[in-house]
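Positions are given from 1, in the same order as the sequence printed here.
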Amino acid sequence: MKISVCGKGGCGKSTIVTLLARELAARGEEVLIVDADESNYGLHRHLGMEKPEDFMEYVGGKAGFLQSRGADPKAFLNQYFKGPWTLSDIPEKYRTEKDGIKLMCSGKIQAVGEGCACPFHSVLKAFVAHLQLADHQVAILDMEAGIEHFGRGIDSEMDLLFMVLDPSYESIQLAKKIAEMAAAIGKPVYYLLNRVDAAAQQVLIDAVPDEDKVACVIPVNPVLLAEGLSGSALTVRMPEIGRVADLITG
């Protein structure tokens, strides 16, 4: 199964991706995480892994892509993605592995004036379109903040979408837009309410487009906050995340 995890900036996507991947791996699933957020530099730390080389380098890097693609980016990418890919086809330099979890990174913005993240998204879409997963294999994409990934068509390659909401007006408004876009491409979307206290819980539940699609409500967890703040590997295991894993494996 291919899963997109999306939401506004700072809502906790990378934290939830980490916890969910560990829960799935503990159940015997083989998990691939794709770090698709070009401006987030902490996901590998959450996982206690080294950051792999950017997958963008597989097609010659950002500069090579821009210089070589010509008028037909699709034809350029077809040189690299000619047929089905499996998890074992991912070159070793572009993945790190630990405890049943593989981590890839589509690419990161590194320098002032280097240009937009469009090449990262083009390569990522080609990769996920060709990726074929076997039983008990799950790919989780940690998307960049907002909805540009919908505009790029990456979510059209997904089987399931999870949107993370924190207690904010911006999350509520974004949930409505993501529900609209998911419906337009025929993809199911579930809502994960994160860092929620009693005062905010019902407000968020009432605000999402479909209350039945609230997959879990995750309370504020002091240990998780401390680990995230320090850049340590996350160690917390939460029953709420277990319920999300049930949606995937059940």
Would the distance check show the side chain of [X] and the main-chain N or O of [Y] forming a donor-acceptor pair, the cut-off being under 3.5 Å?
| X | Y | result |
| --- | --- | --- |
| Arg237 | Gly242 | no |
| Gln201 | Ala198 | no |
| Asp99 | Ile101 | no |
| Thr18 | Leu47 | no |
| Lys98 | Gly48 | yes |

Can you name the nearest heavy-atom pair linking [X] to [Y], along with the distance?
| X | Y | value |
| --- | --- | --- |
| Phe120 | Ser106 | CD2-O, 4.1 Å |
| Ala215 | Tyr190 | CB-CB, 4.1 Å |
| Glu240 | Val217 | CG-O, 3.2 Å |
| Glu157 | Lys2 | O-CD, 3.5 Å |
| Asp166 | Ser171 | OD1-OG, 2.8 Å |
| Val220 | Pro222 | O-CD, 3.9 Å |

Just so I know, are the side chains of [X] and [Y] near enough to count as touching, which here means a heavy-atom distance under 4.5 Å?
| X | Y | answer |
| --- | --- | --- |
| Lys102 | Met104 | no |
| Lys8 | Ile172 | no |
| His44 | Asp35 | no |
| Ile90 | Leu32 | yes |

Hey, what do you get for [atom1] ([X]) to [atom2] ([Y]), rounding to the nearest 0.5 Å?
| X | Y | atom1 | atom2 | value |
| --- | --- | --- | --- | --- |
| Ile248 | Phe162 | CD1 | CZ | 4.5 Å |
| Ile16 | Arg195 | CD1 | CZ | 8.0 Å |
| Asp210 | Ile205 | CG | CD1 | 12.0 Å |
| Leu224 | His46 | CG | NE2 | 8.0 Å |
| Arg27 | Thr249 | CZ | OG1 | 4.5 Å |
| Asn194 | Cys11 | CG | SG | 7.0 Å |

Considering only distance and modelled atom types, tabulate donor-acceptor pairs under 3.5 Å from the side chains of residues 123-132, sequence neighbours left out.
residue : atom : partner : partner atom : Å
His130  : ND1  : Ala126  : O            : 2.8
His130  : NE2  : Phe81   : O            : 3.0

Would the Tyr58 and Trp85 ring centres measure less than 6.0 Å apart?
->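 Yes: the rings meet the under 6.0 Å criterion.
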
Are [X] and [Y] joined in one hydrophobic group, where the rule is that I, L, V, M, F, W and Y side chains link up if heavy atoms are under 4.5 Å apart?
| X | Y | result |
| --- | --- | --- |
| Val223 | Ile241 | yes |
| Met56 | Tyr80 | yes |
| Ile109 | Val34 | yes |

Pairs in or reaching into residues 82-93: which pass salt bridge (Lys or Arg N to Asp or Glu O under 4.0 Å), with residues at least two apart or in two chains?
->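 Applying salt bridge (Lys or Arg N to Asp or Glu O under 4.0 Å) to every pair that reaches into residues 82-93, excluding sequence neighbours, yields Glu53-Lys93.
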
If you look only at pairs with a residue in residues 54-68, which of them pass as a salt bridge (Lys or Arg N to Asp or Glu O under 4.0 Å), with sequence neighbours excluded?
->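 Residue pairs passing salt bridge (Lys or Arg N to Asp or Glu O under 4.0 Å), neighbours aside: Lys51-Asp54, Lys62-Glu114.
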
Show me, pair by pair, the donor-acceptor contacts under 3.5 angstrom made by side chains of residues 175-187, not counting sequence neighbours?
residue : atom : partner : partner atom : Å
Lys177  : NZ   : Glu180  : OE2          : 3.2
Lys187  : NZ   : Ser156  : O            : 3.3
Lys187  : NZ   : Met158  : O            : 2.8

Evaluate side chain to side chain contact (heavy atoms under 4.5 Å, CB included) for Ile218 paired with Leu19, printing each intermediate quantity in order.
-> CA-CA 12 Å; Ile218 302 171; Leu19 299 180; over 6 Å; no

So does Glu50 have more than 12 non-hydrogen atoms from other groups sitting under 6.0 Å from CD?
->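 No.
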
Is the CZ atom of Arg45 crowded by more than 12 outside heavy atoms at less than 6.0 Å?
->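 Counting neighbours around CZ of Arg45, 12 or fewer heavy atoms of other residues, nucleotides or ligands fall under 6.0 Å, so no.
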
Partners of Tyr41 by ring-ring contact (aromatic ring centres under 6.0 Å, His included), sequence neighbours excluded?
->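 For Tyr41 there are no ring-ring contact (aromatic ring centres under 6.0 Å, His included) partners, ignoring immediate neighbours.
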
Just list the side-chain donor-acceptor pairs under 3.5 Å for residues 138-147, sequence neighbours left out, or say none.
residue : atom : partner : partner atom : Å
Asp142  : OD2  : Ser14   : OG           : 2.5
Glu144  : OE2  : His149  : N            : 3.3

